Amino acid sequence: MHFAQSHHFGPVQSLQMGVGYFAPPPVKVHAFLVDGLLIDTGPPKLEKELLAWLEDKPFQQAFITHHHEDHSGNVNGLHRRFQRPIYGSAACSRLAQGQVRTSIPQLIYWGRPRYTNKVQPYTQNLLHTEHHQFQLIPIPGHADDQVALFEPQQGWLFSADAFVHPYIKYYMRYESMQQQINSLQKLIALDFEQLFCCHTPLMKGGKKQLQQKLAYLQNYYAQVVHWHHKGCSPREIMAQMQQKERWGQYLLSGGYMAAINMVNAVLRDEQLTRKANA
Ligand SMILES: [Zn+2]
């Protein structure tokens with residue numbers, strides 16, 4: 001069953017979208033609309049709902065925070081229906097044209113990714129709407145092309161998928177923990193009040209939660225390095241850290257979404273750091 005619920009966070013509106021099978025959707029995602037600017041477009045399965053929601057709204061332009069299908073999923077439909085400019089980082093524009101990586105659980109809950117050449121590369125640091133000016137801040141780690149939007153006058157931070165939850169239990173195969181740590185530090189340094197996370201918007205206490213996530217990842221990273229230096233394999237490192245694999249998800253996704261990917265991310269990051277310092 002398709003789930004689409006509209007919300008108001010002051011002048012920021014959102015459509016929260018998800019798909020459930022005989023149960024509420026296990027994962028949902030917001031597309032935000034503020035001052036004519038649509039931030040992300042939701043998953044392909046919810047195209048009809050997103051377009052219907054926008055029908056009576058002053059939609060002027062869109063910005064895609066990153067190419068994952070629950071954010072860029074309806075760019076083609078949006079372009080067809082409204083013919084407004086749709087922007088993203090240069091990397092997002094490029095990645096959205098290629099094959100967006102996916103897995104069975106993602107196909108079930110978001111739908112098949114749609115390649116699109118309709119994301120225009122936006123290379124300036126500021127994006128203007130009629131009443132606001134948004135700073136565009138690259139925050140790679142979860143995805144290479146990920147960008148946050150910060151409106152300093154209002155204290156709004158649109159953080160894409162940099163937050164989601166303070167205690168992350170699994171990674172997709174290509175995430176970087178070191179880059180996520182750097183990106184979180186960048187976001188925490190900003191003076192914001194409201195955290196418009198696409199999966200978990202927080203009107204209060206967002207900065208504290210980002211700090212919790214940063215501390216969690218820093219500690220996790222240090223522990224993996226510690227056990228790696230003791231000669232443990234990735235699975236042995238998980239056992240030492242009492243981290244359990246999510247086998248159902250692991251098997252369904254062919255290892256694409258798994259707890260072990262967090263350990264591997266750290267080992268990959270460490271190797272890169274060593275190479276850079278050599
Ligand atoms: Zn994502």
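No hydrogens, no waters, no symmetry mates; every other heavy atom, side chains included, goes into these values. For ligands, and for the atoms within them, numbers begin at 1 and follow the listed sequence. Remember, it's a predicted structure, so these values are computed and weren't measured experimentally.
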Measuring from the Zn ion (ligand 1), name the closest N, O or S atom belonging to [X].
| X | answer |
| --- | --- |
| H142 | NE2 |
| D161 | OD2 |
| H68 | ND1 |

Scan residues 208-230 for pairs that pass salt bridge (charged side-chain N to carboxylate O under 4.0 Å, His left out), counting only residues two or more places apart or in two chains. none

Taking 4.0 angstrom as the limit, do [X] and [Y] come out as a salt bridge?
| X | Y | answer |
| --- | --- | --- |
| R81 | E55 | yes |
| R80 | E47 | yes |
| R235 | E245 | yes |

Has H71 got an N/O/S atom less than 2.8 Å from the Zn ion (ligand 1)? no

